[in-house]
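One structure below.
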Amino acid sequence: MASSTQEAERLLDELQEIKAFFFPAIRAEKTRRVQALIDSILDSLGRGHDRPRLSRRERARRAYIIGKAHDCLEDYSLDAELSLAEAVKLEPTSKHWNAIAHCLWKKGDTESAEVAYESAL
């Protein structure tokens with residue numbers, strides 16, 4: 001049986017596929033499917049990723065999944081930024097830095113995005 005985090009990762013993969021390759025005739029259909037998958041990811045993780053009994057690495061992994069899911073929305077998402085910032089704080093990997101850099105770029109904060117992209121290197 002897959003863990004809740006593994007299920008959330010599977011759903012995130014599906015979400016990213018829809019974001020990249022699904023182009024319906026009615027744009028609202030894509031938005032609806034993206035939001036439904038974000039909700040499924042949050043549900044699979046229990047709507048909270050700050051559980052103190054989880055390891056630091058597991059909390060970072062969950063924060064990253066939540067942030068990446070919210071970053072699949074068309075516009076900037078504060079939820080994405082906060083979750084990705086938490087992932088970077090807990091585990092400053094290049095993957096996490098790159099994700100927050102993209103989020104900051106969507107926000108229009110190109111200076112902070114550049115710093116984050118450089119930190120990813």
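We count residues from 1, following the sequence as given.
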With a 4.5 Å cut-off on side-chain heavy-atom distances among I, L, V, M, F, W and Y, is there a chain of contacts connecting Leu15 to Leu73? yes

Is Lys30 reaching over with its side chain to a backbone N or O of Pro24, donor-acceptor style, under 3.5 angstrom? no

Hey, are the side chains of Gln35 and Asp39 touching, using non-hydrogen atoms and a 4.5 Å cut-off? yes

Do you see a donor-acceptor pair shorter than 3.5 Å between the side chains of Arg10 and Ser44? no

Between Tyr64 and Glu86: side-chain donor-acceptor atoms closer than 3.5 Å: no

Does Phe23 CZ have over 12 foreign heavy atoms under 6.0 Å away? yes

If you count the non-hydrogen atoms of other residues, nucleotides and ligands that lie under 6.0 Å from CD in Glu111, is the total more than 12? no

For Asp71 against Ala99, the heavy-atom pair lying closest together: OD2-O, 4.4 Å

Just verifying a value: how many Å separate Ile100 CD1 and Leu104 CG, rounded to the nearest 0.5 Å? 5.0 Å

How close do Ala120 and Asn98 get, counting heavy atoms only, and between which atoms? CB-N, 3.9 Å

Considering only NZ, NE, NH1 and NH2 on the basic side and carboxylate oxygens on the acidic side, decide whether Arg32 and Glu29 come within less than 4.0 Å. yes

Would you call Lys106-Asp75 a salt bridge at under 4.0 Å N-O? no

Counting only heavy atoms from other residues, nucleotides and ligands, does the tally under 6.0 Å from CG of Leu78 exceed 12? yes

Say you draw a straight line from CZ of Arg61 to NZ of Lys95; how long is it, rounded to the nearest 0.5 Å? 8.5 Å

Point-to-point distance, once rounded to the nearest 0.5 Å, from CD1 of Ile38 to CD1 of Ile66: 11.5 Å

Correct closest heavy-atom pair for Ala63 and Ala87 would be CB-N, 3.9 Å

Do Arg56 and Glu91 have side chains that approach each other closer than 4.5 Å (heavy atoms only, starting at C-beta)? no

Distance col, row Arg62:CZ vs Thr5:OG1, nearest 0.5 angstrom, shows 3.5 Å

Looking at every non-hydrogen atom in both residues, tell me the closest pair between Ala69 and Ile41 and how far apart they are. CB-CD1, 3.8 Å

Student check: side-chain heavy atoms of Lys89 and His96 closer than 4.5 Å: no

Closest heavy-atom pair, Cys103 versus Leu84, reported as atoms and distance to 0.1 Å, is CB-CD1, 4.0 Å

Using 0.5 Å steps for rounding, measure from the CG atom of Leu54 to the CZ atom of Arg59. 7.5 Å

Assess whether side chain to side chain contact (heavy atoms under 4.5 Å, CB included) is satisfied between Phe22 and Arg33, documenting all intermediate values. CA-CA 10 Å; Phe22 180 62; Arg33 287 181 70 176; 3.1 Å; yes

For a 4.5 angstrom cut-off between non-hydrogen side-chain atoms, does Leu37 reach Glu14? yes

Between atom CG of Leu42 and atom CG of Asp79, what is the distance when rounded to the nearest 0.5 Å? 8.5 Å

Taking 4.0 angstrom as the limit, do Glu74 and Lys19 come out as a salt bridge? yes

What closest approach, in Å, do Ala113 and Trp105 show between heavy atoms, and which atom pair accounts for it? CB-N, 3.7 Å

Side-chain contact, heavy-atom cut-off 4.5 Å: Val115 with Tyr117? no

